[in-house]
There are 2 protein chains.
Amino acid sequence: MVNVDMTIMKNKKILLVDDELDILNLLETVLKKEGFNNIYKTTSGHETIKMCEKIAPDLIVLDIMLPDIDGFEVCRRLREFCLVPIIFLSAKDDDVDKLLGLGIGGDDYITKPFSPKEVAFRIKAHFRRSEYFNLKSLSDSKRIIRFGDVEIDEDKGEVRKKSELVPLTLKEYSLLLYLAYNPNKILSKNQILEKVWGSDFEGYDNTLMVHIRHLRQKLENDPSNPKYIIPLYPE
Amino acid sequence: MVNVDMTIMKNKKILLVDDELDILNLLETVLKKEGFNNIYKTTSGHETIKMCEKIAPDLIVLDIMLPDIDGFEVCRRLREFCLVPIIFLSAKDDDVDKLLGLGIGGDDYITKPFSPKEVAFRIKAHFRRSEYFNLKSLSDSKRIIRFGDVEIDEDKGEVRKKSELVPLTLKEYSLLLYLAYNPNKILSKNQILEKVWGSDFEGYDNTLMVHIRHLRQKLENDPSNPKYIIPLYPE
DNA sequence: ATAATCCTTAAATTTACCTTAAATTTTTAT
DNA sequence: ATAAAAATTTAAGGTAAATTTAAGGATTAT
């Protein structure tokens, strides 16, 4: 094993997901021995999604075979609100094909049977990379941001809803991008105006509301009951 | 090319590194035309490291092929004293493999031959991201306060009971937070009013009771026999 | 230069929230 | 036990914020 500085890694939150408890415990034991002291475990898909909402892990080791919803679906749902890197565990060759077909961006996979050491090595390799090159978490994933049925392709500057191209104006696009970079976060109007319009903007904050209105009309299923861009009363 | 607010970007220091002067000049011309007015150039690895120590650039465009030490080595040495983001330029497929092996995603390298516009686009995308991305979200410690089956997520401003999201108004939330910070303590109405409403509040203290009522309705299992927010009779 | 598109402002409307008031219950004091 | 005081509960009015629509002015493209 390559010598690695664990001072940064050891506190990273790692979520282990497998339906077999033996495997979970084995992995946990080995990872703890390797220095990771922030390990969480779940045994089903729904549990995993809930856990992610709660703890926001830095990395997930995800078995594709789960009792309720499979790993692919878990991944898809997670991507709606976070870009956590995933290392997939799979037993079947079919799964590997499917993973490759999906173009797993910054993600990785390991086929069963695997050695726990191998998993530890991959995890360390992942953190080492992003530390060493200081790549922000965003760089690790594809340059396509998804939430629900909306996807933003940054390379092309395109936004699609249910795969349909949605034409956005410049301000709408900038605003959407800013919001998409800060998912599940509380942003004040001034905060948004400052970043998207610039700190020298002297206009009314209703300007922002009108643009949000336009985005909701174009991207929400029910613009008056928004699910993506959620209002919060003052501040 | 997507238009971008250049007010913030234009003063960013960009260091261009390539051994071919033609390419350097071409890049410089295009970037200046795009609005960047703080561009530096070097043609060798050692020169690059010295320049970084001197000017601390905001971003480096780094050709991997250099006459003295290659781009990978330059990156490694730079990382010893700074975390400046790097966009790699590479001509050979071998380099790309190596970059990918090091975990450098598509965002962070460009293969030759490239269009100068592409480079400008990547640079702008990078700055926009770092500008838009709120660093607060990276703070690991999630602040979650729990009592019984109620949990308060201070980061998201959300309150859950039995994992179910409970919508609270601003005053309700502020009040709950104040109470949660002072568990098992006896608080007088005036004390609470002063802290939550502010010392300039001129209203009736019944206002407070109404809000407490609402909280109990939303969070207590039996609102009229409260377990969490317990009344105490005389002063 | 003209047309088309987009951004901003303004004004009307709706919604959500806070406070007050008044009725009811519980506790304390006599 | 009874009255007074304090606390609880319910409902409703007023207010501030958010939403929505429309239109004028600025920018960009043709």
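In this text, all values refer to a predicted model and were calculated from it rather than measured experimentally. By convention in this document, chain letters (A, B, ...) are assigned in the order of the sequence lines, proteins followed by strands, and residues within each chain are numbered from 1.
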Indicate whether OP1 or OP2 belonging to [N] is found under 4.0 Å from a side-chain N or O atom of [X].
X       : N      : value
K189(B) : dA7(D) : yes
Y204(A) : dT8(C) : no
Q217(B) : dT9(D) : no

In whole angstrom, give the distance that lies between atom CD1 of I212(A) and atom P of dT21(D). 16 Å
Which whole-number value in Å describes the distance from N190(A) CG to dA18(D) P? 11 Å
Among the nucleotides [options], which one has an atom lying closest to any side-chain atom of [X]?
X       : options                   : value
W197(B) : dA7(D), dT19(C), dT8(C)   : dT19(C)
K171(B) : dT20(D), dT19(C), dT9(D)  : dT19(C)
N206(A) : dT10(D), dA21(C), dT20(D) : dT20(D)
V210(B) : dT9(D), dT21(D), dC18(C)  : dT9(D)
H211(A) : dT9(C), dT20(C), dC7(C)   : dC7(C)
L170(A) : dA11(C), dA18(D), dC7(C)  : dC7(C)
F201(B) : dT20(C), dC6(C), dT8(C)   : dT20(C)

Heavy atoms only, 4.0 Å cut-off, all strands: where does T169(A) land among base, sugar-phosphate and nothing? sugar-phosphate
Write down the atom of [X], the atom of [Y], and the distance for their closest heavy-atom approach.
X       : Y       : answer
T48(B)  : L15(B)  : CG2-CD2, 4.0 Å
N221(A) : K161(A) : OD1-NZ, 3.0 Å
V84(B)  : P57(B)  : CG2-O, 3.5 Å
F121(B) : E154(A) : CZ-O, 3.4 Å

5' priority, DNA chain D, between H214(B) and D205(B) [closest heavy atom]: D205(B)
